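Here is the naming used below: chain letters follow the sequence lines, and residue numbers restart at 1 for every chain. These figures come from a predicted structure and were not determined experimentally.
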Protein chains: 2
Amino acid sequence: MATLRDVARRAGVSIATVSYVLNGTRPVSPEVEARVWEAVAALRYRPNRLARGLRRKRTHVLGLIVPDNANPFFAEIARGLEDLSFAHDYSLILCNSDGDPVKEQRYLGVLIEQQVDGIALVSAGATPAHLAILQERGIPFVVVDRDLPGLEADCVLADNFQGGYLATRHLLDRGHRRIACITGPSDLTPSADRVRGYQKAMEEAGIEPLEVWIRRGDFRAESGYHAARFFLSLPSSMRPTAIFACNDLMAIGAMRAVGEAGLRIPQDIALVGFDDIVLAAYVIPPLTTVAQPTYEMGRLAGELLIRRIQARGRPPARYLLPVRMVVRHST
Amino acid sequence: MATLRDVARRAGVSIATVSYVLNGTRPVSPEVEARVWEAVAALRYRPNRLARGLRRKRTHVLGLIVPDNANPFFAEIARGLEDLSFAHDYSLILCNSDGDPVKEQRYLGVLIEQQVDGIALVSAGATPAHLAILQERGIPFVVVDRDLPGLEADCVLADNFQGGYLATRHLLDRGHRRIACITGPSDLTPSADRVRGYQKAMEEAGIEPLEVWIRRGDFRAESGYHAARFFLSLPSSMRPTAIFACNDLMAIGAMRAVGEAGLRIPQDIALVGFDDIVLAAYVIPPLTTVAQPTYEMGRLAGELLIRRIQARGRPPARYLLPVRMVVRHST
DNA sequence: CCTACGAAGTTAAACGTTTAACTCCATGGA
DNA sequence: TCCATGGAGTTAAACGTTTAACTTCGTAGG
């Protein structure tokens with residue numbers, strides 16, 4: 001509650017001098033400097049970042065919008081971004097959009113009013129128009145995980161196409177021909193790209209996937225469970241011997257369905273996931289999956305953001321991060 | 001970038017009038033009000049919350065400090081708090097302490113400088129002294145999940161003692177006598193309370209647990225894995241037939257060790273966890289566990305915080321939330 | 001000896017709000 | 001007719017910083 005004014009009074013100098021000492025922005029004589037620090041300590045002075053932000057027009061606060069921070073994938077991104085922010089003395093405001101463009105829009109408004117220096121988002125909206133408000137005001141931002149077609153902005157993505165391709169190749173190499181795919185919401189690019197990778201691999205192998213082999217999920221475990229039950233209900237001539245789920249949560253849901261049906265993984269049904277969340281290694285059997293550098297994506301988003309805050313002019317860059325097969329015992 | 005001043009100019013009124021219209025703090029004639037709203041819309045005006053906060057001494061920002069937001073348990077708490085904050089038009093700053101009291105202290109400083117209206121924390125420090133800085137400045141705060149002995153503050157806890165007791169009773173009821181326990185870091189009250197519940201149940205059953213049956217973990221899957229391997233390496237006369245792990249992550253780690261040893265759950269070894277994280281239902285076999293109302297704890301923390309911001313005087317309250325056995329197939 | 005200069009301090013404006021206190025004016029009651 | 005009242009607007013101070021511009025003074029160069 002002590003202010004610069006109080007410190008100045010106690011040290012017997014002007015407010016400006018105290019500010020110069022604190023920020024090291026101008027040389028100050030040693031005696032005065034000592035008196036100021038003494039006063040700062042005695043009064044337990046802490047600068048008021050609101051006042052500073054108001055004056056400097058820089059708040060050292062970033063915003064992060066994700067669909068759901070309780071989803072381990074987004075949690076990891078958040079963690080990466082938070083770590084980087086802390087290292088650079090930025091604070092991070094967390095927002096959950098629930099995948100709802102309207103809620104996302106409200107959050108964008110709040111973050112703008114909060115005068116954040118930059119925003120990282122896993123966008124819920126499908127079109128760049130949703131982010132016009134940011135461009136209009138020249139607020140630095142970076143989109144993570146999901147691509148917005150035609151958007152002029154920094155962008156951090158995993159190589160989802162390659163991931164879908166690798167996962168499917170892996171199953172093909174194991175001798176599978178009837179390979180099913182549990183997709184995510186199809187309007188999201190990560191899911192769509194993974195499915196494209198799947199299709200490419202199948203095509204290269206000369207296999208035309210049956211329509212019933214492609215089943216839409218919503219990235220949650222429950223939907224993987226239902227999709228797998230559907231596959232298992234197919235007549236045996238059409239029933240897949242392997243499933244590629246577009247994320248681990250759905251793969252784990254599928255696992256449960258397979259277990260309940262009394263079938264064994266991988267002997268009866270092989271299973272590949274996507275994301276390599278922590279628990280993928282701990283389910284039984286441990287899940288073969290495609291690892292994304294999730295934490296790194298969060299960090300990189302932070303780096304780009306801070307870089308852009310410091311130098312707005314540069315052209316936007318797209319970062320496509322490599323994915324990696326993690327072979328465990330579900331295949 | 002438009003300010004009150006710009007809006008006022010365009011509407012042909014004074015700054016104060018615009019403020020009154022925006023906040024509805026004083027009656028304004030219909031014509032003037034209309035002109036103001038027109039100007040607000042035309043200029044895409046958005047209030048600057050820094051300036052407002054500086055003046056009002058209320059920022060409508062809360063802080064949350066957890067050890068690690070990527071841990072599903074804390075992620076859920078964060079989600080609960082964030083939802084409540086959003087509903088009350090508060091923003092939330094997320095901080096990860098990594099369980100390090102020094103880092104926690106730095107974050108407290110940052111949040112104070114940021115002038116947050118209140119702080120929720122899962123404290124890393126073991127003594128109330130760590131939070132003196134908050135009390136000194138009269139900043140509302142609530143501690144979640146972990147109790148600080150002798151701390152005068154609002155506090156949201158799960159009934160960990162009861163949880164440990166129930167879990168152990170459950171195993172005893174299933175006929176187990178040699179029951180091991182994987183604890184968390186012992187200086188944390190949730191872990192200690194759960195262990196006390198375990199001991200109470202054992203004592204009531206007239207069983208004196210061997211020392212080797214109590215093994216310390218760190219709440220991460222890896223440590224559960226190692227603890228279980230240790231149990232399995234005991235001579236068969238001492239080897240436990242059931243394990244109570246103080247959280248799900250460690251239970252899942254233990255599962256893996258059991259699986260690797262070629263033993264079956266629950267036939268050879270029964271397993272109970274704690275927390276009921278989402279994935280507990282999806283591991284194979286599904287994990288019997290003690291459910292905490294995690295999301296609710298986050299929400300309640302937010303409610304208490306906001307209530308205390310509005311009325312500082314009241315005496316602090318402790319909320320002990322009930323836990324619930326969730327019986328699945330690991331026992 | 002004068003001047004110019006640099007070091008080290010101070011003053012005051014500015015950032016964008018909120019809000020207490022003031023002005024102005026129409027209205028109605030005595 | 002006069003005054004009190006209150007509705008609707010304005011003025012200006014305040015919140016806690018930063019920072020450009022100014023003052024003061026000792027010193028060195030010409």
In Å and rounded to the nearest 0.5 Å, what is the CE to CG distance from B/M1 to B/L43? 13.0 Å
Using rotation axes that map the C1' atoms of four end pairs onto the next four (five pairs an end), what angle separates the end axes of the helix from C/dC1-D/dG30 to C/dA30-D/dT1, to 10°? 60°
Side chain of B/S85, backbone of B/L81: donor and acceptor closer than 3.5 Å? yes
Would you kindly say whether B/N96 and B/Y107 are connected by a side-chain donor-acceptor distance under 3.5 Å? no
A/N48 side-chain N/O to A/L50 backbone N/O, donor-acceptor pair under 3.5 Å: yes
Do B/T59 and B/Q114 have side-chain atoms, one donor and one acceptor, less than 3.5 Å apart? no
Hits for ring pair (Phe, Tyr, Trp, His ring centres under 6.0 Å) against B/Y319, two or more places apart or cross-chain, chain-then-number order -> none
Could you write nucleotides 15-20 of chain D as a row of B, S and -, 5' to 3', where a protein heavy atom under 4.0 Å of any base atom gives B, of only sugar-phosphate atoms gives S, and otherwise -? BBBBBB
Does the side chain of B/E104 come under 3.5 Å of the side chain of B/S123 through a donor N or O and an acceptor N or O? yes
Out of B/R318, B/R308, B/R314, which one pairs with B/D154 under the side-chain hydrogen bond (donor to acceptor under 3.5 Å, both in side chains) rule? B/R308
Grab the CD-C1' distance between A/E31 and C/dG9 for me, whole Å please. 12 Å
